[in-house]
Amino acid sequence: MISFIIRRLLALIVVALGIITLVFMMRVIIPGDPIDTLLFGQPKTEEVVKNMRAELGLDKPLPVQYFNYIIGAAQGDLGKSLTTRRYVIDELGDRYVKTVGLAITSLLVGLVLGLIFGTMAARYKNTAIDTGITALSLIGLSLSPIWLGLVLINLLGVQLRILPVVGNGDLVQLIMPAMTLGIIQAAVISRFVRSSLLEVLGQDYIRTATAKGLQLNKVMTRHAYRNAMIPVVTILGLQFGGLLGGAVIVENIFAWPGLGQLAVKAISARDYPVIQGIVLLAAITYVLVNLIVDLLYFWIDPRLKAH
Amino acid sequence: MEVSNEPVTQQSPVPPGEPTAAFLKATKSKTERGWLDFMRRLFRNRTALVGLFLLFLVIGSAAFAPWIAPYPIDKLGVGPRLQGPTLQHLFGTDALGRDLFSRIIFGSQTALQAGFITIVIAAVVGTLIGLVSGYYGGWLDVVLMRITDLLLAFPSIFLALLILSVLGTGLTNGIIAIGISTIPNFARVVRGAVLTVTAQDYVLAAQATGSPNRRILIKTVLPNTMAPIIVLVTLVFPAAVLASAGLSFIGLGAQPPSPDWGAQLVEGQVYLRTAPWLFNFPGLAIFITVMGSNLLGNALRDLLDPQQRGR
């Protein structure tokens with residue numbers, strides 16, 4: 001198990017290096033001079049341009065710039081924003097927490113709803129309940145998060161006035177975006193819960209557990225769920241990437257001050273260090289989450305430890 | 001020569017060149033029969049029919065938009081401003097007095113463009129990479145798959161945003177970015193399918209007959225990897241429609257005067273309190289498109305991959 005973790009961590013470093021390389025290459029092939037972005041609306045003299053190039057390290061040959069970027073990234077220095085002139089890492093920090101918070105909350109909402117609906121569908125297999133839940137999940141899969149988000153604002157914020165329409169990034173404001181992403185996640189997760197549970201419930205050990213007189217609840221929690229969770233956990237890890245992506249859209253609906261909002265601003269302003277930072281952070285988070293998921297297997301399925 | 005062979009040649013009315021042609025014809029009609037059978041099973045599937053009907057609505061709107069739409073999409077003041085649905089304006093009017101129904105009808109064009117262009121980019125390039133990688137193997141395979149794995153480590157919209165920041169924003173660039181960001185998915189799936197196919201005896205047979213690799217790839221390997229490609233297409237199409245609407249909504253795709261559904265949702269958000277039809281109808285339009293392709297996709301997946309049935 002230890003060697004597995006070490007191998008995965010090494011792979012993580014390779015992936016991180018690859019992502020850094022890709023992000024660096026994007027800066028090289030991006031059209032337009034970053035100096036133009038910096039000097040927007042100001043007189044552009046040769047002297048100023050030269051100084052700026054030196055300040056940004058753009059006067060050095062590309063391999064040196066590349067090397068410096070890797071060293072910087074390893075120390076958390078991703079350069080300065082071209083528009084605000086603040087360090088990228090400072091720009092991202094708080095917003096990163098907000099986006100990951102949104103993604104995790106949405107995943108929890110999706111998991112809870114998915115478990116409830118998936119279990120119900122499996123329990124009442126091939127009945128009207130099962131069909132209804134399958135239909136609901138198909139609808140959920142086809143929903144645009146934008147429409148769902150706007151409908152929720154209109155319903156809960158404007159009509160019923162339960163939740164605030166705008167906010168300043170506090171927890172109450174998190175409810176609606178998390179519901180938006182969570183409902184769509186639930187559609188995916190419930191399908192996996194259903195099929196996975198159905199497969200496990202057909203196994204011999206479930207029959208044994210029932211036959212020895214274990215209560216249904218015990219059978220479900222101790223035997224069925226634990227085994228049925230393995231494919232579900234895999235999906236959770238993969239969906240996390242989708243949630244980070246979905247956050248980009250949803251943050252812009254609900255004015256949730258996360259990375260997605262910043263990404264839109266940065267792309268419109270051609271603020272490449274910020275774009276690089278966001279993409280780098282999102283990709284590494286995604287890889288890390290899937291590493292954690294792989295480690296969860298050991299906890300869920302003790303058989304794996306033997307290998 | 002003159003004695004023994006004569007009855008034979010007389011009996012078969014086909015000249016020497018014909019047998020292959022006849023054989024080809026026979027195999028062709030066999031595949032045609034396969035297609036017919038496939039279509040028959042597809043049309044017997046209720047899910048597929050509903051999906052086809054919804055997609056037919058969208059494709060029909062896109063194809064006949066100029067004839068269906070009662071008003072020009074960019075003419076201001078064809079009706080009162082911000083009026084709810086009426087008989088004159090089925091879906092109501094927007095803040096500039098434009099007819100929403102006409103704009104929704106025309107919006108289907110950009111939505112379908114997003115889906116189709118994404119698939120063309122991703123399926124063509126991704127399939128090519130997958131074919132080459134899986135068939136030739138070796139260092140080429142290692143290099144291509146490491147790059148693919150790296151790109152798959154990105155949540156796909158971030159890859160699209162990265163590409164978008166290189167290309168610049170706009171509807172076309174947005175669709176291209178979504179297309180490129182989907183290439184690795186196709187490359188992975190096709191390579192996997194190619195590995196399974198090349199292990200089969202018929203590929204070995206083709207190699208033994210001395211067919212050039214390119215011919216084997218196109219004539220033997222590719223047709224046998226079609227099922228997973230089609231399955232992936234049915235997953236990518238609705239995702240691309242959603243992603244494109246998303247990019248337009250956050251202002252990186254189609255820009256407001258365009259009747260794109262994602263761009264219309266921006267206006268829907270502005271008048272959220274007073275004019276809910278402004279976000280409900282574009283939202284519903286996206287939903288119908290995505291739902292239609294999901295339903296058709298589900299049916300196709302069931303037909304192409306019997307093991308997945310009932311899942």
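Chain letters run A, B, ... following the sequence lines, proteins first and then strands; every chain starts at 1.
Against chain A, no residue from residues 42-56 of chain B qualifies, as none has a non-hydrogen atom under 4.5 angstrom away. Identified by a heavy-atom distance below 4.5 Å to chain B, the contributing residues of residues 131-140 of chain A are A:Leu138, A:Ile139, in residue-number order. Residues of residues 288-296 of chain B lying under 4.5 angstrom from chain A, judged on non-hydrogen atoms, are B:Val290, B:Met291, B:Asn294, B:Leu295 in numerical order. Within residues 238-247 of chain B, the residues approaching chain A closer than 4.5 Å by heavy atoms are, in numerical order, B:Leu242, B:Ala245, B:Gly246, B:Leu247.
In this structure, A:Ser144 OG and B:Trp261 CH2 are separated by 11.0 Å, a value rounded to the nearest 0.5 Å. If you take OH on A:Tyr286 and CG on B:Leu152, they are separated by 8.0 Å, rounding to the nearest 0.5 Å. Taking CG from B:Leu159 and CE from A:Met26, the interatomic distance works out to 12.0 Å, rounded to the nearest 0.5 Å. If you take CD1 on A:Ile19 and CZ on B:Phe158, they are separated by 12.0 Å, rounding to the nearest 0.5 Å. Atoms CD1 and OG, from A:Ile278 and B:Ser165 in turn, are 10.0 Å apart once rounded to the nearest 0.5 Å.
Heavy-atom pairs under 4.5 Å with chain A peak, among B:Leu161, B:Thr169, B:Leu151, B:Asp149, at B:Leu161. Interface summary for chain B: among A:Val15, A:Asn154, A:Asn290, the most heavy-atom pairs under 4.5 angstrom belong to A:Asn154. Chain B forms more heavy-atom pairs under 4.5 Å with one residue of A:Leu243, A:Val248, A:Ile153, A:Leu238 than with any other, namely A:Val248. Per-residue heavy-atom pair counts under 4.5 Å with chain A were compared for B:Ile157, B:Ile250, B:Ile163, and the maximum is reached by B:Ile250. In terms of heavy-atom pairs under 4.5 Å with chain B, the best-connected choice from A:Ile253, A:Val14, A:Leu143 is A:Ile253. The candidate with the highest count of non-hydrogen atom pairs below 4.5 Å against chain B, out of A:Ile267, A:Val151, A:Leu22, is A:Ile267.
When heavy atoms are compared at a cutoff of 4.5 Å, A:Ala263 approaches chain B solely by way of its side chain, counted from C-beta outward. Heavy atoms of A:Leu148 lying under 4.5 Å from chain B are absent altogether. In this structure, chain A has a heavy atom under 4.5 Å from the side chain of B:Leu252, while its backbone stays farther away. Contact of A:Val158 with chain B is made through the side chain alone, with heavy-atom distances under 4.5 Å. In this structure, chain B has a heavy atom under 4.5 Å from the side chain of A:Ile146, while its backbone stays farther away.
Side-chain contact between A:Trp147 and B:Phe279 is present, with at least one heavy-atom pair separated by less than 4.5 Å.
Taking each heavy atom of A:Gly241 and B:Pro155 in turn, the nearest pair found is O-CB, 3.3 Å.
No donor-acceptor distance shorter than 3.5 angstrom exists from the side chain of B:Gln269 to the backbone of A:Leu150, with no hydrogens or angles considered.
For A:Tyr96, the OH atom counts as densely surrounded, since its 6.0 Å shell holds more than 12 non-hydrogen atoms of other residues, nucleotides or ligands.
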